[in-house]
Amino acid sequence: MNGAESLVSTLVACGVEVCFTNPGTSEMHFVAALDRVEGMRAILGLFEGAVTGMADGYGRMKEKPASTLLHLGPGLANGLANLHNARRASTPIVNIVGEHATYHAQYDAPLTSDITGFARPVSAWVHTSMSPKTIAADGARAVQAARSAPGQIATLILPADTAWLEADRASGPLPFAEPAPVADAAIDEAAKLLRNGKKTALLMRGTALKENGLEAAGRIRAQTGARLFCDTFAPRLARGAGRVAVERIPYFAEQIVEFLKDIEQLILVGAKPPVSFFAYPGKPSWCVPEGCRILCLSHPHEDGLGALEALAETIHAPAAERASLARPDLPQPGRLNPYTAGEIIAHYLPENAIISDEAATAGLGATMYTGTSAPHDHLSLTGGSIGQGVPLATGAAVACPDRKVICLQGDGGGMYTLQALWTQAREKLDVTTVIFANKSYAILKIELARVGAENPGPKALSLFDLHNPELNWISLAAGMGVEASRATTAEEFADQFASAMKGRGPRLIEAVI
Ligand SMILES: Cc1ncc(C[n+]2csc(CCOP(=O)(O)OP(=O)(O)O)c2C)c(N)n1
Ligand SMILES: [Mg+2]
């Protein structure tokens with residue numbers, strides 16, 4: 001076997017089953033190895049930002065890494081923004097980045113670049129494999145790094161000659177760091193705080209926001225009256241009927257301050273203390289009230305779920321209260337806006353759906369109404385880098401072929417990585433994309449005022465305006481093989497969304513709001 005076959009065999013042996021890729025010449029032996037070695041599904045993305053976003057969606061849902069295969073420095077660089085989002089989500093990903101043959105580097109050919117330099121800021125682990133004799137061990141180490149708690153990005157750089165020269169064998173999986181147990185002392189300390197009568201909240205992230213973690217947190221709330229919070233942008237949150245509901249911290253600094261003002265004790269479970277997304281003149285960045293005691297029950301790499309369960313036992317907590325099903329009625333015929341759209345989405349949301357949410361200013365309605373709709377998983381834009389929603393939904397659909405995936409996407413962010421629609425069509429993925437076509441970067445108009453840049457002129461305003469020409473999402477989707485329709489009223493949207501929920505396969509609805 002050659003180095004590439006040794007690597008692909010190793011990845012498969014280590015549980016990596018999917019490769020999202022946009023390859024080039026330096027990756028050809030890896031590409032060829034995908035047919036020679038059984039067990040790796042190959043999925044083409046037509047832009048690397050789509051490729052890395054798909055790997056993020058897959059990893060968040062499958063809780064194990066996919067691989068990406070990217071073309072040298074530029075291919076990796078095209079994918080960096082969504083790797084940034086994935087890093088913020090603690091998603092496990094193994095990037096394989098092709099590189100010139102080791103002896104070719106000295107000639108400074110056009111595609112030569114500092115791949116390690118591009119990789120470093122988004123990767124917890126980076127390594128260049130200089131020999132086909134070590135590639136198997138390096139591949140196993142990459143998977144080990146990716147799977148180590150809480151989930152990390154590992155980048156393995158693969159010189160072309162390492163891939164094509166004779167290798168010895170494949171490697172099997174290495175043990176990886178499972179979430180570390182939380183010390184009893186931390187659990188006892190949290191129990192003490194919960195009993196001292198002060199106003200306390202738990203802020204949770206990671207596994208704590210899955211169904212069992214929420215259940216344990218709900219028990220703690222039932223016993224102590226503590227409030228349960230999650231970040232504005234949690235990587236993955238179990239929501240809907242039958243789940244313990246948590247309060248989502250609001251987006252803007254002054255709203256966060258208002259939201260937290262009574263809290264005297266904040267217990268962090270895999271989360272960081274809440275801060276403002278941006279700095280604004282005269283507004284606070286740090287949003288925890290003065291004098292509030294912060295206790296870290298668990299760090300992100302620790303077992304937050306186990307800690308919550310132990311804590312619930314320690315304080316003899318009773319059963320948790322769960323959200324009961326309350327699907328909103330369909331709205332009256334008439335205007336389509338984020339709220340009527342939200343009612344319709346929540347009304348028809350199928351059991352066990354996955355929502356990829358990059359709806360930006362149009363997302364409030366859906367979030368408001370889906371809390372008591374059918375149980376589902378909600379994935380949000382973890383790193384603030386728009387262009388995540390469509391590929392994230394695509395990767396989630398690869399990970400969970402039996403679940404309906406719904407992508408709620410702003411029209412601005414949608415244009416960044418719409419190539420993922422083509423992958424949805426090619427792979428026949430069950431994704432319904434709702435594009436909120438407000439024909440603007442609406443949030444930026446709000447932000448312009450908030451940062452104190454007053455009296456915007458026509459040039460400034462033109463930079464947030466997506467008319468002239470208007471985007472035609474039916475044509476854009478059709479051009480990539482995805483069936484699409486346009487809804488301009490609530491009743492049109494209700495018809496189209498209901499039909500998409502009944503059917504299977506990729507669909508896009510341009511919701512004109
Ligand atoms: C990579 C990246 N580039 C630019 C931005 C700045 N930005 C934030 S929101 C936004 C526009 C979002 O527009 P849209 O998706 O249509 O949502 P809307 O604001 O209209 O609700 C932009 C350009 C960003 N967050 N990330
Ligand atoms: Mg918009």
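Computed from a prediction, not measured in an experiment: that's the story for all the values here. In listed order, ligands and their atoms are each counted from 1.
Near Gly412, the atoms of ligand 1 lying under 4.0 angstrom from a non-hydrogen atom of the residue are 13 (O), 14 (P), 15 (O), 16 (O). Those atoms of ligand 1 that come under 4.0 Å of a heavy atom in Ser440, given as number and element, are 16 (O), 20 (O). Each of the following atoms of ligand 1 lies closer than 4.0 Å to a heavy atom of Ala442: 18 (P), 19 (O), 20 (O).
Backbone and side-chain nitrogen or oxygen atoms of Gly414 are examined, and none is located within less than 3.5 angstrom of a nitrogen or oxygen of ligand 1. Taking distance alone, with nitrogen or oxygen atoms compared against 3.5 Å, Glu358 stays at or beyond that limit from ligand 1. Between Ile443 and ligand 1, a contact under 3.5 Å exists for at least one N or O pair. In terms of N/O distances under 3.5 Å, ligand 1 is approached by Asp411. Residue Tyr441 has no nitrogen or oxygen atom sitting less than 3.5 Å from a nitrogen or oxygen atom of ligand 1, judged on distance alone.
Two rings, from Phe47 and Tyr416, have their centers 6.0 Å or more apart.
For the Mg ion (ligand 2), protein N, O or S atoms closer than 2.8 Å were enumerated as Asp411 OD1, Asn438 OD1, Ser440 O, with waters left out.
Using a 4.5 Å heavy-atom threshold, the side chains of Phe229 and Ile263 count as touching.
Nearest protein neighbour of atom 15 (O) of ligand 1, counting heavy atoms only, is Gly413 N, 2.8 Å. When only non-hydrogen protein atoms are considered, atom 17 (O) of ligand 1 lies nearest to Ala360 CB, 3.3 Å.
Checked against salt bridge (charged side-chain N to carboxylate O under 4.0 Å, His left out), Arg507 has the following partners two or more places apart in sequence or in another chain: Glu483.
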